[in-house]
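Read the structure below first, then the notes.
Note that this is a predicted model, so its numbers are computed, not measured. FYI, the numbering just counts along the sequence from 1.
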Amino acid sequence: VQLQASGGGLVQPGGSLRLSCTASGFTASYAYGWFRQAPGKAREGVACLSDGGAWWYDGNVYYKESVKGRFTISRDKAKSTVYLQMNNLEPDDTAVYYCAASLTTVDAMCAHRLVDVFGQGTLVTVSS
């Protein structure tokens, strides 16, 4: 599977952005998610969701604690696209955001960073 992310940019605190990730190639059964990496910090899982057709489907959607209630991950299977809607953005959300795919559960993928494929990053800057 190949991943192409877009939608980053500069936004003021409290603003919103929507990131998009289009998958191509063999896309069935993958879990998809978004990771981010701020300067000087490790890459971390932000939000992940499962493909309902996989035998390991756990029915979960994972969110990093600090983004719960502000970020929403969703998927349009017909368009092979995964979205990350980010609302009420904070300066600490500033990072390069990466789309990711993995043949595993969302907990393993997002919490334990078991990722098979990363797309290229898109920069999100939250600043006044």
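Scanning for salt bridge (Lys or Arg N to Asp or Glu O under 4.0 Å) contacts around Lys68 gives Glu65, with sequence neighbours left out. Arg70 pairs by the salt bridge (Lys or Arg N to Asp or Glu O under 4.0 Å) definition with Glu90, Asp93, not counting sequence neighbours. Residues forming a side chain to side chain contact (heavy atoms under 4.5 Å, CB included) with Ser66 (at least two apart in sequence, or on another chain): Arg36, Lys64. For the side chain to side chain contact (heavy atoms under 4.5 Å, CB included) test, residues two or more places apart in sequence or in another chain that qualify with Ser127 are Leu10, Thr125. Every residue two or more places apart in sequence or in another chain that forms a ring pair (Phe, Tyr, Trp, His ring centres under 6.0 Å) with Phe35 is listed here: Phe118.
Checking side-chain atoms of Gln120 against main-chain N and O of Ala5 turns up a donor-acceptor pair under 3.5 Å. Thr104 places no side-chain N or O within donor-acceptor distance of the main-chain N or O of Ser102, the cut-off being under 3.5 Å. Of the possible donor and acceptor atoms, one in the side chain of Tyr63 sits under 3.5 Å from a partner among the backbone N and O of Ile73. Remark: the backbone N or O of Val126 is paired with a side-chain donor or acceptor of Thr94 at under 3.5 angstrom. Distance alone, capped at 3.5 Å, places no donor-acceptor pair between the Arg18 side chain and the Tyr83 backbone.
Nearest heavy-atom pair, Cys110 versus Val46, reported as atom, atom and distance to 0.1 Å: SG-N, 4.0 Å. Of all non-hydrogen atoms in Met109 and Gly33, the two that sit nearest each other are CE-N, 3.5 Å. Nearest heavy-atom pair, Ala101 versus Val1, reported as atom, atom and distance to 0.1 Å: CB-CG1, 4.1 Å. Counting all heavy atoms, side chain and backbone alike, Ala95 lies closest to Ala38 at CB-N, 3.8 Å.
Annotation: side chain of Phe71 is in contact with side chain of Leu89 (closest heavy-atom distance under 4.5 Å). The shortest distance between side-chain heavy atoms of Leu17 and Tyr97 does not fall below 4.5 Å. Contact annotation: the side chain of Cys48 never approaches that of Tyr32 to less than 4.5 Å [non-hydrogen atoms, C-beta and beyond].
Note on Val67 and Val96: separate hydrophobic clusters, where clusters join Ile, Leu, Val, Met, Phe, Trp and Tyr whose side-chain heavy atoms are under 4.5 Å apart, directly or indirectly.
Separation of atoms CG (Leu19) and CD (Gln85) is listed at 9.0 Å; rounding is to 0.5 Å. The structure places CG of Leu49 at 10.0 Å from CG of Leu84, a figure rounded to the nearest 0.5 Å. Separating the OH atom in Tyr30 from the OG atom in Ser80 is a distance of 13.0 Å, to the nearest 0.5 Å.
Results of the side chain to side chain contact (heavy atoms under 4.5 Å, CB included) test with Ser50 over Val61, Thr105, Val106 single out Val106 as the only residue that passes. Among Thr22, Val117, Val82, the single residue meeting the side chain to side chain contact (heavy atoms under 4.5 Å, CB included) criterion with Leu3 is Val117.
Residue Leu114 is found outside any hydrophobic cluster, as its side-chain heavy atoms come under 4.5 Å of no other Ile, Leu, Val, Met, Phe, Trp or Tyr.
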